[in-house]
Amino acid sequence: MRSRLMLWVPLALFAFFVGVAGYMLTQQKNQFVESAMIGEPLPEFALKPAFPGLPGAARTDLTGGKPRLLNIWASWCLPCISEAPQLEALQAQGVEIVGIAIRDRPEDVANFLARYGNPYSRIGADDISEVQLAIGSSGVPETFVIDASGMIRYQHIGDIREDDVPLLLAELEKAK
Amino acid sequence: MIRALFAVILALVAVPLAAQDTMPPAPYAYNQLDDPRLEAEAAALMHTLRCLKCQSQSIADSDAPMAGDMRHQVRSRIQAGESPEAIRAWLIARYGDYVSYNPTVSASTWPLFAIPVLLILIVAAVLLRRLGKRRSDTEDAA
């Protein structure tokens, strides 16, 4: 009798795994790779200007006085167009935004800013994504809150929507 | 009409292209290191690092611009004398364990290593008992 029951064990195990797989299929998967650098100091870097209109960006430009936003973007990135008005809204609130343009050409950067507005105080050119990799960013656009001591305090992945603006302002306040 | 339709179709096809950058790849994205021994070290490491843009591929398999930039980091750091495991640790410090395809024993992964050993031990125990029993059965019959 006991061995008859044991015959069902493999089928029960199989059904269990099918159940687990089915359940996992219904769960939302987080596609984003979050940076493990939150709470870590911003790495040392110095990038040349992304176009002649603004200075380049270095670590020292993000430290001292107040928290700032570090915006990783590119002129070839479509969601960056939709977040441009939100960046301008943040700048209008007195937030300093330092940009890093990933794999971009000076003429394309100038074009983008002329069409969609320029909320940046400076933009560094990261032609080989080295600063992007150094801060644990895995795409464009991403926005980091950097406090006055140069510590990375918060990461926003993806374009900034209208309802993200108060959230970022709160994170900047927290980083003071 | 047909021409307009054609233009619309062309425009749709052009969208994914517009989302790509047009910059030349990083120096070591597609160029091997001169020293074959160092290149072999770099290649072995690149096959075990996850492409962050195309998450089911390694950076060695991917043509995404970011994977090229990661290959450049790996090759130039190997060239500068860093060990492959130091480079892996550098990336894990930035992206977490997810970036590495090489599993390590940690608080959350130890069952993956322990369960197969446990199963082999159970199977061995069951087999020994059964075979031992059968042998003594045949001995009894003889």
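Order of the sequence lines fixes the chain letters, A, B, ..., with proteins taken first and strands second; residue numbering starts at 1 for each chain.
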*Asks:* Measuring from atom CD of A:Glu40 to atom CZ of B:Arg94, what distance do you get when rounded to the nearest 0.5 angstrom?
*Replies:* 8.5 Å
*Asks:* Looking at A:Glu34, I want to see if its CD is surrounded by more than 12 non-hydrogen atoms of other residues, nucleotides or ligands under 6.0 Å.
*Replies:* no
*Asks:* Between A:Ser75 and chain B, with a heavy-atom cut-off of 4.5 Å, which part of the residue counts as in contact: side chain, backbone, both or neither?
*Replies:* neither
*Asks:* Would you indicate whether the side-chain heavy atoms of A:Val33 and B:Gln55 approach each other to under 4.5 Å?
*Replies:* yes
*Asks:* In the structure I gave you, are the side-chain heavy atoms of B:Asp69 and A:Gln132 within less than 4.5 Å of one another anywhere?
*Replies:* no
*Asks:* I'd like to know if A:Ile72 and A:Trp76 are part of one continuous hydrophobic network [Ile/Leu/Val/Met/Phe/Trp/Tyr, side-chain heavy atoms within less than 4.5 Å].
*Replies:* yes
*Asks:* What closest approach, in Å, do B:Lys53 and A:Gly139 show between heavy atoms, and which atom pair accounts for it?
*Replies:* CE-CA, 4.0 Å
*Asks:* How close do B:Pro24 and A:Arg105 get, counting heavy atoms only, and between which atoms?
*Replies:* CD-NH2, 4.2 Å
*Asks:* Side-chain heavy atoms nearer than 4.5 Å, only ILVMFWY residues, links allowed to pass through others: does that put B:Met70 and A:Val131 together?
*Replies:* no
*Asks:* With the 4.5 Å side-chain cut-off for hydrophobic clustering, are A:Tyr116 and A:Val95 part of the same group?
*Replies:* yes
*Asks:* Working to the nearest 0.5 angstrom, can you tell me the gap between A:Leu133 CG and B:Gln73 CD?
*Replies:* 5.5 Å
*Asks:* What I'd like to find out is whether the side chain of B:Pro27 reaches to under 4.5 Å of the side chain of A:Ile128, using heavy atoms alone.
*Replies:* yes
*Asks:* Restricting to non-hydrogen atoms, name the atom on A:Met37 and the atom on B:Ala93 that form the minimum distance, rounded to 0.1 Å.
*Replies:* SD-O, 3.8 Å
*Asks:* Can you see which heavy atom on A:Ala36 is nearest to which on B:Gly96, and at what distance?
*Replies:* CB-N, 3.9 Å
*Asks:* Please tell me whether A:Leu87 and A:Leu78 are part of a single hydrophobic cluster in this structure, the criterion being side-chain heavy atoms less than 4.5 Å apart.
*Replies:* yes
*Asks:* To the nearest 0.5 Å, how far apart are OG in A:Ser137 and CE in B:Met66?
*Replies:* 5.5 Å
*Asks:* What residues of residues 145-176 of chain A sit under 4.5 Å from chain B when only non-hydrogen atoms are counted?
*Replies:* none
*Asks:* Would you kindly confirm whether A:Tyr23 and A:Leu25 end up in one hydrophobic cluster when ILVMFWY residues are joined by side chain heavy atoms under 4.5 Å apart?
*Replies:* no
*Asks:* Under a 4.5 Å heavy-atom cut-off, does chain A meet the side chain of B:Tyr95, its backbone, both or neither?
*Replies:* both
